[in-house]
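The structure under discussion appears below in the form of structure tokens.
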Amino acid sequence: MTDDPIHDPTGERVSPGASSAAEALRSALYSRWQEPPVSEMDTRRVEMRRLADSMRIIIERLVATAAPTEAIIEAADQLARVALTFDHLREGTRYEGFAEAANAGGDPHASFEHSPFIGRANPLAPPIYLQEIEGKVHGRVVFGSAYEGPPGCVHGGYVAGAFDEVLGATQSLSGAPGMTGTLTIVYRSPTPLHTELRFIGELLRVEGRKIFTRGELYAGERLCAEAEGLFISVGVEKFAELKAHRERSEQARLHAR
């Protein structure tokens with residue numbers, strides 16, 4: 001008796017054995033998005049996250065404050081002293097891991113601490129929390145005052161950027177690292193600030209190097225936006241080339257300083 005082929009979420013026909021291997025890969029991919037307990041993180045990682053959290057609070061308070069001028073001056077002086085602390089320390093030229101989930105492909109050990117959308121160590125990130133639920137990538141996020149576009153609503157550019165990240169994570173289910181080819185956003189209703197939002201990303205199919213995805217964004221049960229993303233798989237050698245170029249550029253920039 002032979003096993004009948006089945007379809008996996010990428011649209012390809014695979015054998016049950018191959019499907020099991022694909023499920024194992026997805027399990028490893030999803031695990032890298034989960035929050036490890038503090039006991040499993042080294043001190044540097046914990047403190048980088050704590051520092052970024054404090055900076056997020058400063059950003060939130062700064063763009064929505066009625067503090068008197070004297071308080072603003074005092075805070076500016078304190079932050080200037082903190083900035084000088086880093087000026088006296090050795091500046092790095094690179095960080096470990098990836099800034100985009102799409103770039104990691106099937107690497108189950110990839111880190112995204114510095115991602116501008118999901119990185120816990122990046123104060124610019126809201127951040128978005130990703131997890132897998134029933135074969136789809138789900139994201140949870142609250143955008144604060146710094147992300148405002150229309151009054152009380154998230155700027156459409158941040159909505160698009162968040163979709164790029166969520167669908168980039170979704171395309172990782174193909175097992176290949178990739179880069180965004182096209183991203184189409186349809187805005188259905190205003191996206192509110194200070195509200196937990198839900199992203200849902202789905203891998204539709206793979207055609208050669210083309211990876212097709214779609215996503216939705218909800219505030220409660222209200223649909224705020226929809227997206228379609230086409231990603232192009234890129235060989236690891238291309239990312240090695242980009243990293244080498246980044247290293248050379250950073251070295252030149254630091255030397256100029």
Side-chain angles (χ1 to χ4, degrees), residues 6-14 18-19 22-23 25-26 28-30 32-33 97-108 110 112 114-119 125-141 149 154-189 191 197-218 223-243 245-246:
I6 59 175
H7 286 85
D8 79 352
T10 67
E12 300 291 334
R13 289 173 63 83
V14 296
S19 178
E23 287 300 321
L25 169 62
R26 290 172 190 139
L29 287 172
Y30 293 139
R32 72 188 182 191
W33 299 326
F98 297 84
E100 288 189 276
N103 297 166
D107 180 1
F112 307 102
H114 297 273
S115 162
F117 281 96
I118 64 176
I128 304 172
Y129 295 88
L130 298 177
Q131 65 180 135
E132 181 271 338
I133 301 176
E134 297 181 353
K136 296 181 181 180
V137 175
H138 288 238
R140 295 181 296 105
V141 64
V154 182
H155 192 293
Y158 285 113
V159 171
F163 264 124
D164 192 28
E165 189 66 39
V166 172
L167 294 184
T170 302
Q171 76 92 53
S172 295
L173 299 180
S174 69
M179 299 179 73
T180 310
T182 61
L183 181 66
T184 303
I185 312 294
V186 179
Y187 298 92
R188 297 297 187 185
S189 65
T191 302
L197 307 172
R198 296 186 295 112
F199 284 90
I200 303 175
E202 180 181 5
L203 177 63
L204 298 178
R205 66 187 184 278
V206 177
E207 297 177 2
R209 292 179 58 204
K210 296 180 179 180
I211 305 167
F212 295 84
T213 64
R214 71 179 304 274
E216 298 171 330
L217 169 61
Y218 292 89
L223 178 64
C224 296
E226 298 175 282
E228 292 185 355
L230 167 63
F231 292 81
I232 308 300
S233 63
V234 178
V236 293
E237 65 280 357
K238 178 61 176 179
F239 289 104
E241 178 185 330
L242 290 172
K243 287 182 178 180
H245 178 72
R246 180 183 67 182

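Only this structure's heavy atoms are used, side chains among them; waters, hydrogens and symmetry mates stay out.
Closest heavy-atom contact between Pro127 and Val141: O-CG2, 3.6 Å. Across all their heavy atoms, Ser174 and Gln171 have their closest contact at OG-O, 2.8 Å. Contact record, Leu167 with Ala227: CD1-CB, 4.1 Å, taken as the closest heavy-atom pair. Looking at every heavy atom in both residues, Leu130 comes nearest to Gly139 through CD2-CA, 3.9 Å. Shortest non-hydrogen contact noted between Val206 and Gly208 is CG1-O, 3.6 Å. What you find for Leu197 and Val154 is that their closest heavy atoms are CD1-CG2, 4.5 Å.
Lys136 is listed as a side-chain neighbour of His138, based on a closest heavy-atom distance under 4.5 Å. Residues Phe231 and Leu183 have side chains not in contact (no heavy-atom distance under 4.5 Å, counting atoms from C-beta outward).
The environment of CD in Glu202 is crowded: more than 12 heavy-atom neighbours from other residues, nucleotides or ligands sit within 6.0 Å.
Interatomic distance, Ile211 CD1 to Thr180 OG1, rounded to the nearest 0.5 Å: 10.5 Å. Remark: Thr184 OG1 to Arg214 CZ distance equals 12.0 Å, nearest 0.5 Å. For the atom pair Tyr187 OH and Cys224 SG, the distance stands at 11.5 Å (nearest 0.5 Å). Distance check: Phe212 CZ to Thr182 OG1 gives 8.0 Å after rounding to the nearest 0.5 Å. Rounding to the nearest 0.5 angstrom, the gap separating the OG1 atom in Thr170 from the CD atom in Glu165 is 10.0 Å. One finds the CD1 atom of Ile185 at 10.0 Å from the CD atom of Glu226 (value rounded to the nearest 0.5 Å).
For the ring pair (Phe, Tyr, Trp, His ring centres under 6.0 Å) with Phe199, the qualifying choice from Tyr129, Phe117, Phe163 is Phe163, the only one to do so. Each of Arg209, Arg205, Lys210 was checked for a side-chain hydrogen bond (donor to acceptor under 3.5 Å, both in side chains) with Glu207, and the lone residue meeting it is Arg205.
Although no hydrogens or angles enter the test, the distance criterion places no donor-acceptor pair under 3.5 Å between the side chain of Thr191 and the main chain of His155.
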